Asks: 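Okay, handing you the structure first.
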Amino acid sequence: MISLVSNRGRLNILDDSNLLAKEVAERFLTLALGYMSEKAQFTVALAGGITPRLLYQKLSEDKYAEKVPWAKTFLFFGDERCVAHTDPESNYLLVKNTLASKVAIPTVNVNRLEGQDTDPKEAAHEYENTIKTFFELQPGEFPSFDLMLLGLGPDGHTASLFPGTKALNETEHICVANYVEKFGHHRITLTYPVINKAKNVFFLVTGASKADIVKDVLQGEEGVYPAQFVNPINAHDEGGNLEWFLDKAAASKLDLAVPMV
Ligand code: 6PG
């Protein structure tokens with residue numbers, strides 16, 4: 001693994017997606033055990049899409065299935081598609097099939113959205129209340145997830161913060177229904193104030209198809225892509241940790257000779 005510090009956080013480059021999943025699973029376990037001893041709970045906002053599938057499968061296997069303190073691990077969703085939980089597009093279904101149904105995590109610890117397929121705005125409001133209750137937030141306060149897993153779309157979106165959408169400017173709400181023109185429907189997403197308050201933010205990006213956007217986001221002009229506004233390092237209180245986990249294919253266009261600090 002190549003690991004280097006950049007002004008966009010630590011870059012961890014693994015040979016392939018399987019090794020990436022194993023490395024992130026190791027880090028997940030380390031964080032879980034660390035927060036368990038510190039505060040007897042580990043809170044995670046999960047990424048959707050295809051990339052994290054290997055990670056979730058890895059976490060459901062032997063060592064991780066046994067060693068992660070699942071009874072005190074609490075899973076949330078960084079974003080969700082506005083489809084039924086039985087729909088192949090559902091991020092909840094991905095997590096249920098690859099992880100939640102395979103490890104000893106209490107159902108109540110997997111905080112899925114409800115009603116996202118019938119009333120996105122109401123579902124976002126309800127999910128926000130779920131998060132506020134769980135984290136015992138004061139009015140106007142944002143939660144600080146111990147770990148926020150994120151992916152990167154070819155257009156530079158992350159979670160469901162897509163270019164040109166309203167949610168990019170959201171500063172009040174924890175979670176919103178975000179209309180995405182190119183899909184012709186809403187997505188539900190956590191917002192930047194939440195993402196940037198996380199103690200650890202891990203981007204997971206694999207495959208040659210992401211090489212161009214990885215190059216643009218990490219070494220291109222700043223302030224262009226939604227993923228570039230993820231910056232927990234500047235979180236004024238917690239000083240969050242931002243790391244990128246890339247396989248060689250996704251990192252193939254990065255100029256690693258250029259110091260990025
Ligand atoms: C989603 C995600 C989204 C995803 C990127 C990358 O619900 O789709 O949260 O932000 O991480 O689109 O998706 P892939 O991993 O499928 O390339």
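Just so you know, ligand 1 is whichever comes first in the structure, and atom 1 is the first atom listed for that ligand. Only a predicted model underlies this, so the values are computations on that prediction, with no experimental measurement involved.
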Asks: Among V201, D79, V205, whose side chain to side chain contact (heavy atoms under 4.5 Å, CB included) with L150 holds?
Replies: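 Among V201, D79, V205, the one meeting side chain to side chain contact (heavy atoms under 4.5 Å, CB included) with L150 is V201.
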Asks: Among all protein heavy atoms, pick out the one at the shortest distance from atom 15 (O) of ligand 1; state its residue, atom name and that distance to 0.1 Å.
Replies: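 Checked against all protein heavy atoms, atom 15 (O) of ligand 1 sits closest to T51 OG1, 2.6 Å.
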Asks: Under 4.0 Å from a heavy atom of K210: give me the atoms of ligand 1 that qualify, with their elements.
Replies: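 Within the 4.0 Å cut-off of K210, ligand 1 contributes 6 (C), 14 (P), 17 (O).
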Asks: Under the criterion side chain to side chain contact (heavy atoms under 4.5 Å, CB included), which of I195, V194, N200 is the partner of F145?
Replies: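 For F145, the side chain to side chain contact (heavy atoms under 4.5 Å, CB included) check succeeds only for V194.
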Asks: Considering heavy atoms of the protein only, find what lies nearest to atom 4 (C) of ligand 1 and give residue, atom and distance to 0.1 Å.
Replies: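 The closest one turns out to be G48 O, 4.0 Å.
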Asks: Under a 4.0 Å threshold between the charged nitrogen and the carboxylate oxygen, would K63 count as salt-bridged to E61?
Replies: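 Here E61 does not pair with K63 in a salt bridge, since their nearest N and O are not under 4.0 Å apart.
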Asks: Give the atom numbers and elements of ligand 1 that come within less than 4.0 Å of a heavy atom of H157.
Replies: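 Every atom of ligand 1 under 4.0 Å from some heavy atom of H157: 3 (C), 5 (C), 10 (O), 12 (O).
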Asks: Closest non-hydrogen protein atom to atom 16 (O) of ligand 1, residue and atom name please, with distance?
Replies: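 Going atom by atom, the protein heavy atom closest to atom 16 (O) of ligand 1 ends up being I50 N, 2.8 Å.
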Asks: Do the ring planes of F74 and F134 sit parallel (below 30°), tilted (30 to 60°) or perpendicular (above 60°)?
Replies: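 Answer is tilted, since the angle falls between 30° and 60°.
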Asks: Measure the distance from atom 6 (C) of ligand 1 to every protein heavy atom, then report the residue, atom name and distance (to 0.1 Å) of the closest one.
Replies: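 Checked against all protein heavy atoms, atom 6 (C) of ligand 1 sits closest to L152 O, 3.5 Å.
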Asks: With heavy-atom distances below 4.0 Å as the criterion, list the atoms of ligand 1 near G49.
Replies: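 Reading through ligand 1 atom by atom, the close ones are 1 (C), 7 (O), 8 (O), 16 (O).
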Asks: For the side chain of Y225 and the backbone of T158, is there at least one donor-acceptor N/O pair under 3.5 Å apart?
Replies: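 Pair absent, no side-chain N/O of Y225 close to backbone of T158.
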Asks: Among the heavy atoms of E80, does any lie under 4.0 Å from an atom of ligand 1?
Replies: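 It does not; every heavy atom stays at 4.0 Å or beyond.
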Asks: Is E26 salt-bridged to K67, going by a charged N under 4.0 Å from an acidic O?
Replies: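 Not counted as a salt bridge, because no side-chain N and carboxylate O are separated by less than 4.0 Å.
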Asks: Just heavy atoms, cut-off under 4.0 Å: does D79 contact ligand 1 by side chain, backbone, both, or neither?
Replies: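 The part of D79 near ligand 1 is the side chain, not the backbone.
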Asks: If hydrogens are left out, which of G151, S90, A159 has an atom nearest to atom 3 (C) of ligand 1, that is, the closest non-hydrogen atom?
Replies: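 It is A159 that holds the nearest heavy atom.
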Asks: Is the Y179 ring parallel, tilted or perpendicular to the H186 ring (thresholds 30°, 60°)?
Replies: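 Judged by the thresholds at 30° and 60°, the geometry between Y179 and H186 is perpendicular.
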Asks: Would you call the rings of F76 and F135 parallel, tilted or perpendicular if under 30° counts as parallel and over 60° as perpendicular?
Replies: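 Answer is tilted, since the angle falls between 30° and 60°.
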Asks: Give the atom numbers and elements of ligand 1 that come within less than 4.0 Å of a heavy atom of R81.
Replies: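 With R81 as reference, the close atoms of ligand 1 come out as 1 (C), 7 (O), 8 (O).
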Asks: Looking only at heavy atoms, is any part of N91 under 4.0 Å from ligand 1, and if so is it the side chain, the backbone, or both, or is it neither?
Replies: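 Under 4.0 Å from ligand 1, N91 contributes side-chain atoms alone.
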